[in-house]
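The figures that follow rest on heavy atoms only: side chains count, while hydrogens, waters and symmetry mates do not. A note on names: the letters A, B, ... follow the listed sequences, proteins ahead of strands, and every chain is numbered from 1.
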Amino acid sequence: MDQHSLFISQTLIEWYNLNKRELPWRETKNPFKIWISEIILQQTRVAQGYDYYVRFIETFPDIVQLANADEDTILKLWQGLGYYSRARNLHTAAKQVRDNFGGKFPDRYEDILSLKGVGDYTAAAIASFAFDLPYAVVDGNVFRVLSRLFAINTPIDTSAGKRLFTDLANELLDKEQPGEYNQSIMDFGAIQCVPVSPDCTICPLADRCLALSHKQVSLYPVKQGKTKVKERFFNYLDIHFGPNTYLHKRTGNDIWKNLYELPLIETDKDITIEELQNTETFHAILQNVGTISIHPMSFSMKHVLSHRIIYARFYRIEITDDTELKDKYIKTSTSSVGDYAISRLVDRYFEQQGKPTLFS
DNA sequence: AACCCGGGGGC
DNA sequence: GCCCCAGGGTT
């Protein structure tokens with residue numbers, strides 16, 4: 001390592017020792033706990049994931065107990081965090097460890113990387129934090145810090161960019177204390193070298209930052225991708241028979257896979273309740289249910305995600321016969337809906353039930 | 001390489 | 001509104 005690289009890595013570690021956040025998963029070398037924290041924190045802020053981490057560790061003290069749990073239980077615990085494939089993959093990986101590694105978390109990089117849901121970043125994080133192995137992490141913080149320090153114009157969301165930044169990160173890596181170094185550059189990015197309006201006047205690396213010397217800090221990191229947002233239109237039926245409503249499990253490779261929700265009719269545009277009643281799906285769901293009465297007030301919501309805008313309408317429908325319906329759906333009392341893992345969208349409906357709204 | 005997958009917070 | 005967050009999997 002040359003003198004310049006050495007100065008940067010030492011400065012990052014010194015900064016870290018003065019400014020680091022104290023977090024529960026930093027107090028341990030237990031790979032299981034570190035793994036749980038890393039999966040939870042993928043694309044998720046510490047403040048948002050903190051309570052989930054505590055609950056997961058309390059509920060599943062070790063990886064075999066997690067492996068032996070039901071997926072429904074894990075998804076319920078994950079409810080509200082988003083990116084639910086993380087929870088499904090977490091379960092798969094726990095079973096991999098139980099069945100292929102004798103219940104002992106693997107301690108080699110390639111074995112860690114073979115776990116479902118563990119990619120390059122997470123494998124490097126676990127390998128360095130738990131086992132002191134010399135693998136540099138490359139996450140959003142590292143992309144930002146390095147792209148600014150070296151004024152790198154290669155887009156980070158390309159394979160060339162990924163390769164370039166990974167190589168650079170590994171050159172800077174302190175092989176004597178890879179875990180400390182990795183933590184330091186990530187915390188530095190999260191606290192000092194923040195995405196918008198960083199305070200470069202107090203930055204210990206200001207005099208070596210090429211982006212700053214060019215007054216172009218805000219231009220880094222460079223990205224090429226622009227995630228296009230598509231619209232979807234969901235019409236949910238809250239079918240009541242006495243104190244009960246009906247749920248089904250989402251299957252197939254789509255949003256909220258394996259979560260539960262009310263009977264759904266998706267349309268290619270926003271439609272009225274009259275138009276909805278003319279669809280074949282509506283008739284298919286509500287056949288032989290006795291008398292149908294639809295509440296005049298519907299609940300509508302615009303649910304905004306990073307890659308989707310879902311316009312959802314909810315209709316409360318009373319029926320007088322559920323002998324066929326209860327065989328096609330999960331019959332549950334409305335007070336027990338909370339036993340099922342549901343999306344934030346459906347959750348908000350149950351929170352606001354009874355209050356009519358426009359798309360809001 | 002492009003696309004898919006959630007939800008929340010900061011400005 | 002827009003951007004970002006301790007990314008990974010699928011096609």
Can you tell me the distance, in whole Å, between the [atom1] atom of [X] and the [atom2] atom of [N]?
X	N	atom1	atom2	answer
A:Tyr53	C:dA6	OH	P	17 Å
A:Ile310	B:dC5	CD1	C1'	11 Å
A:Gln48	B:dG8	CD	P	7 Å
A:Ile185	C:dA6	CD1	P	13 Å
A:Lys302	B:dG8	NZ	C1'	16 Å
A:Tyr52	C:dA6	OH	C1'	17 Å

With no hydrogens and no angle check, just 3.5 Å: does a side-chain donor-acceptor pair link [X] and [Y]?
X	Y	value
A:Arg250	A:Ser343	no
A:Asn182	A:Tyr135	no
A:Asn89	A:His91	no
A:Glu324	A:Asn288	yes

Scan [X] against the nucleic acid and name what it touches under 4.0 Å (heavy atoms): base, sugar-phosphate only, or nothing.
X	answer
A:Gln224	sugar-phosphate
A:Gly80	sugar-phosphate
A:Leu81	base
A:Lys257	nothing
A:Val304	nothing
A:Trp35	nothing
A:Arg26	base
A:Arg344	sugar-phosphate
A:Ser159	sugar-phosphate
A:Asn182	nothing
A:Ser197	nothing

Given C:dA6, B:dG7, C:dC4, the nucleotide with the shortest approach to the side chain of A:His303
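Of the options given, the side chain of A:His303 lies nearest B:dG7.
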In the strands shown, is C:dG9 matched to any nucleotide by a Watson-Crick or G-U wobble pair with both distances under 3.5 Å, and which?
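By the stated definition (distances under 3.5 Å), B:dC3 pairs with C:dG9.
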Pairwise C1' distance for B:dC11 and C:dA6, with rounding to whole Å:
22 Å
Using the C1' atom in both, what is the distance from B:dG6 to C:dC5, to the nearest Å?
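These two C1' atoms come out 12 Å apart once rounded.
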So, OP1 or OP2 of [N]: does either fall under 4.0 Å of a side-chain N or O from [X]?
X	N	answer
A:His307	B:dC4	no
A:Lys223	C:dC4	yes
A:Gln43	C:dG7	yes
A:Arg86	C:dG7	no
A:Tyr84	B:dG7	yes

Quick one: which of A:Lys20, A:Arg26, A:Arg21 gives a side chain to side chain donor-acceptor pair (under 3.5 Å) with A:Gln183?
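That would be A:Arg26; it is the only one of A:Lys20, A:Arg26, A:Arg21 passing the side chain to side chain donor-acceptor pair (under 3.5 Å) with A:Gln183.
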When only distance counts, do a donor and an acceptor, one from the side chain of [X] and one from the base of [N], lie under 3.5 Å apart?
X	N	result
A:Thr44	B:dG6	yes
A:Arg45	C:dC4	yes
A:Ser306	B:dG6	yes

Using the closest heavy atom to pick a nucleotide of DNA chain B for each, name whichever of A:Arg232 or A:Asp157 lands nearer the 5' end.
A:Asp157
On DNA chain B, does the nearest nucleotide to A:Ile255 precede the nearest nucleotide to A:Ala160 from the 5' side, or the other way round? Give the residue.
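Final value for this comparison: A:Ala160.
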Are A:Ile309 and A:Ile265 connected in the hydrophobic side-chain network, where two residues link if heavy atoms are under 4.5 Å apart?
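Result: no, two separate clusters.
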Nearest heavy-atom pair of A:Lys175 and A:Glu171: which atoms, and what distance?
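Looking at all heavy atoms of both residues, the shortest contact is NZ-O, 4.1 Å.
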